[in-house]
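As structure tokens, the structure follows; a few thoughts come after it.
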Number of protein chains: 2
Amino acid sequence: MAGTRRHGAGRGRPTLEEVAARAGVGRGTVSRVINGSPRVSDRTRTAVEQAVAELGYVPNRVARALAANRADAVALVIPEPETRLFAEPYFSDIIRGVGAELADTDLQLLLTLIRTPKERQRLADYLSAHRVDGVLLVSVHADDPLPDLLERIEMPAVLSGRRSAHESVPYVDSDNTGGAQSAVEHLIGRGRSTVATITGPLDMYVAQCRLEGYGAAVRAAGREVEPELVASADFTEEGGRRAMRQLLDQRPDLDGVFAASDVMAAGARQVLRESGRRVPDDVALVGFEDSAVARHMDPPLTSVRQATEEMGRAMVRVLLEEIEGLSDRTSKRPQMVLPTQLVRRESS
Amino acid sequence: MAGTRRHGAGRGRPTLEEVAARAGVGRGTVSRVINGSPRVSDRTRTAVEQAVAELGYVPNRVARALAANRADAVALVIPEPETRLFAEPYFSDIIRGVGAELADTDLQLLLTLIRTPKERQRLADYLSAHRVDGVLLVSVHADDPLPDLLERIEMPAVLSGRRSAHESVPYVDSDNTGGAQSAVEHLIGRGRSTVATITGPLDMYVAQCRLEGYGAAVRAAGREVEPELVASADFTEEGGRRAMRQLLDQRPDLDGVFAASDVMAAGARQVLRESGRRVPDDVALVGFEDSAVARHMDPPLTSVRQATEEMGRAMVRVLLEEIEGLSDRTSKRPQMVLPTQLVRRESS
DNA sequence: AGGTACTGTGGGAGCGCTCCCAGCGGTGAT
DNA sequence: ATCACCGCTGGGAGCGCTCCCACAGTACCT
């Protein structure tokens with residue numbers, strides 16, 4: 001690798017030392033000014049600042065990182081397969097939120113896509129070597145060893161979403177249960193009497209929560225959850241189609257469907273059309289995620305919006321806290337659940 | 001900022017020195033083994049490799065970067081506003097491609113979202129300080145100062161897309177002209193006699209190219225480009241709606257529309273429906289990008305697919321070349337155009 | 001006057017590498 | 001035997017910072 005990689009060009013830039021010489025002070029003093037230490041007299045500070053400006057000095061992060069043994073960087077880890085699965089713009093939104101919140105920090109964002117176990121191992125090595133100050137983990141699976149590894153090496157980390165009801169690692173999640181519940185309540189409120197649901201893979205906590213919300217709404221309306229009205233799929237469009245067919249088979253009389261993702265709703269919508277049913281006249285349909293897909297469906301899909309960008313921001317805030325206050329490991333781990341919001345469109 | 005950022009934990013990991021001690025060799029030798037230098041005897045190499053394995057040694061990138069004055073990282077720069085504009089999954093695809101190609105490299109991916117001029121300046125400083133080995137620039141505007149700055153400081157860079165017909169910086173682009181042309185040829189081939197186009201903002205080269213392709217196809221069919229059949233918009237859905245209304249106003253008899261983006265096509269589709277026209281029976285519609293939106297429209301939208309992920313990969317390959325062979329700056333700058341492909345669906 | 005207690009400051013040491021030069025023993029030509 | 005040269009090796013110097021100790025200077029007490 002590496003090989004002839006270019007150097008040289010970076011040399012020649014002013015260093016701390018040169019700034020110090022120009023300002024007529026010592027290295028330590030310049031460092032203090034740069035890092036905003038209060039123990040510097042105003043006269044000195046001004047002199048240093050002037051020298052910095054004149055020389056166009058920019059601190060060398062690498063040297064700083066080596067000396068201080070910190071990285072000034074956080075990693076955002078995304079399992080690559082997920083980027084295909086999730087309906088956009090989930091990841092862009094997370095990334096945007098993370099980027100925004102990181103902007104007024106001097107932390108860098110390292111993006112890591114994991115696609116093979118080998119790459120996961122490489123990442124693990126990398127993280128063990130403490131080359132970042134913290135880690136943001138997006139959509140981890142229950143069996144992912146990374147969170148525990150990070151816990152063990154005391155690397156600050158935040159998850160988007162929980163792996164289970166009693167998640168031990170700090171996380172930011174959206175209110176999947178509440179969102180699903182409000183979606184189904186909405187359906188029932190609009191007079192639908194036979195509301196089915198298409199769930200995600202039930203080994204994923206997020207899918208469990210959304211199903212849970214469905215059940216809560218159904219029971220709140222004084223009804224029972226009928227197994228025949230529940231079909232599970234895998235968050236894909238094809239899965240949505242299959243589940244919808246199954247549902248239609250079992251209960252041709254259904255008049256409402258809550259799909260646990262927009263993409264599955266899109267699949268369901270096709271099957272409904274094929275079966276000659278109109279949306280929303282015959283069957284009302286609601287999705288989850290409020291992605292681009294929802295807005296562009298025909299009719300536009302009612303869906304549960306998550307504050308995805310805000311999740312990204314919140315994750316960074318939580319991570320920052322973890323990084324700062326790493327000492328009190330015993331104290332409460334910050335965990336937060338962001339509200340969702342039903343966006344009504346013509347499909348219901 | 002910074003403040004109490006945690007350290008310490010990274011210490012205690014084995015260093016080059018310890019590996020050397022354990023293997024009974026000198027520091028330099030271990031370094032040579034690690035970096036795959038050929039000037040090491042097999043005996044020594046084996047001994048070192050064993051010591052590395054036993055100690056679980058992972059080289060410290062930061063120290064390496066400082067000593068070698070290279071960063072082992074490339075930056076992917078994305079103007080934040082664009083992430084909203086473009087129909088997904090454009091960015092995820094680029095990112096995925098970049099990530100994939102970077103995976104078998106020991107380069108890290110630094111993601112930088114630019115949202116304000118201030119942030120752009122910060123990035124410029126950062127880049128001037130040569131803290132990365134190369135830069136990937138996504139969807140730069142013609143007036144963006146970054147490419148020239150990079151040129152000046154001799155920082156390897158690659159653009160996705162060109163700023164103009166005579167782009168001087170290395171780039172990877174997709175064949176916008178050809179793609180648009182084949183879309184329009186398809187429309188004409190299907191017997192459409194009055195084909196209109198909705199363009200992007202014509203100060204963007206990509207929009208010019210797509211319009212160019214439209215014109216080429218029209219002329220190839222022995223017709224003239226009628227100004228009344230061209231409406232320009234801004235790549236947004238609302239823009240697509242407006243342009244479609246204008247087109248319908250000017251030429252109510254049109255029977256085909258090529259929209260230079262799927263999102264604009266989605267807007268156009270709504271207006272067509274409102275005006276009582278059926279797609280494709282009355283008006284055939286084709287988009288560009290082949291995004292999720294296209295697949296989920298009703299009817300599903302014929303669209304021009306770009307090899308977006310492949311663009312990401314290609315960008316990295318080109319960048320790597322630039323980084324390696326930076327010496328021969330005089331030689332040809334690698335520039336490549338990736339083919340597009342028409343994906344036929346029910347809208348045409 | 002001497003002590004104590006600050007604030008500000010300079011600069012040595014050291015972070016973990018790479019680079020490079022000198023030095024080793026061995027080989028072949030003179 | 002002498003010299004040149006080779007492949008391989010060890011380790012000094014140095015990358016640009018931060019950390020921290022020591023010390024000057026001032027101020028305020030006894």
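Just so it is clear, the values below take in all heavy atoms, side chains as well, and ignore hydrogens, waters and symmetry mates. Chain A is the first sequence line, chain B the second, and so forth, proteins listed ahead of strands; every chain is numbered from 1. In this text the structure is predicted, and so the values were computed from the model without any measurement.
The residue V62(B) sits apart from the nucleic acid: no heavy atom pair falls under 4.0 Å.
We find that CZ of R45(A) is positioned 15 Å from P of dT7(C), with the value rounded to whole Å. In this structure, N35(B) places its CG atom 10 Å from C1' of dC17(C), rounding to the nearest Å. Between the C1' atom of dC15(D) and the CZ atom of R61(B) lies a distance of 18 Å, rounded to the nearest Å. The distance from atom CG of L16(A) to atom C1' of dC15(D) is 13 Å, rounded to the nearest whole Å. Across the protein-nucleic acid pair, R39(B) atom CZ and dG10(D) atom P stand 15 Å apart, rounded to whole Å. Taking atom CG of residue N60(A) and atom P of nucleotide dC15(C), one finds them 18 Å apart after rounding to whole Å. Spacing between atom CZ of R64(A) and atom C1' of dC17(D) amounts to 8 Å, rounded to whole angstrom units. Spacing between atom CG of N69(A) and atom P of dC20(D) amounts to 12 Å, rounded to whole angstrom units.
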Check the pair D133(B), R70(B) against salt bridge (Lys or Arg N to Asp or Glu O under 4.0 Å), reporting the backbone distance first and the verdict last.
-> CA-CA 6 Å; D133(B) 298 320; R70(B) 73 172 115 98; over 6 Å; no

Worked check of salt bridge (Lys or Arg N to Asp or Glu O under 4.0 Å) between D106(A) and R61(A) = CA-CA 10 Å; D106(A) 56 358; R61(A) 296 179 78 102; 5.3 Å; no

Output, in order, the C-alpha distance, side-chain angles, deciding distance and verdict of salt bridge (Lys or Arg N to Asp or Glu O under 4.0 Å) for D93(B) and R96(B).
-> CA-CA 5 Å; D93(B) 281 352; R96(B) 194 185 298 133; 3.0 Å; yes

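For the pair T29(A) and T15(B), nearest-nucleotide mapping onto DNA chain C gives the more 5' position to T29(A).
For R32(B) against dG10(D), a side-chain-to-base donor-acceptor contact under 3.5 Å is present. Taking only distance into account, the side chain of R27(A) meets the base of dT18(D) through a donor-acceptor pair shorter than 3.5 Å.
Neither OP1 nor OP2 of dC8(D) sits under 4.0 Å from any side-chain N or O of T44(B). Applying the 4.0 Å criterion to OP1 and OP2 of dT18(C), one finds that S31(B) has a side-chain N or O inside that range.
Screening E17(B), E54(B), Q50(B) against R22(B) for a side chain to side chain donor-acceptor pair (under 3.5 Å) leaves a single residue, E54(B).
The main-chain N or O of P14(B) is never found under 3.5 Å from a side-chain atom of E18(B) such that the two would form a donor-acceptor pair.
Closest to the side chain of A67(A), out of dT18(C), dT18(D), dC8(D), is dT18(D).
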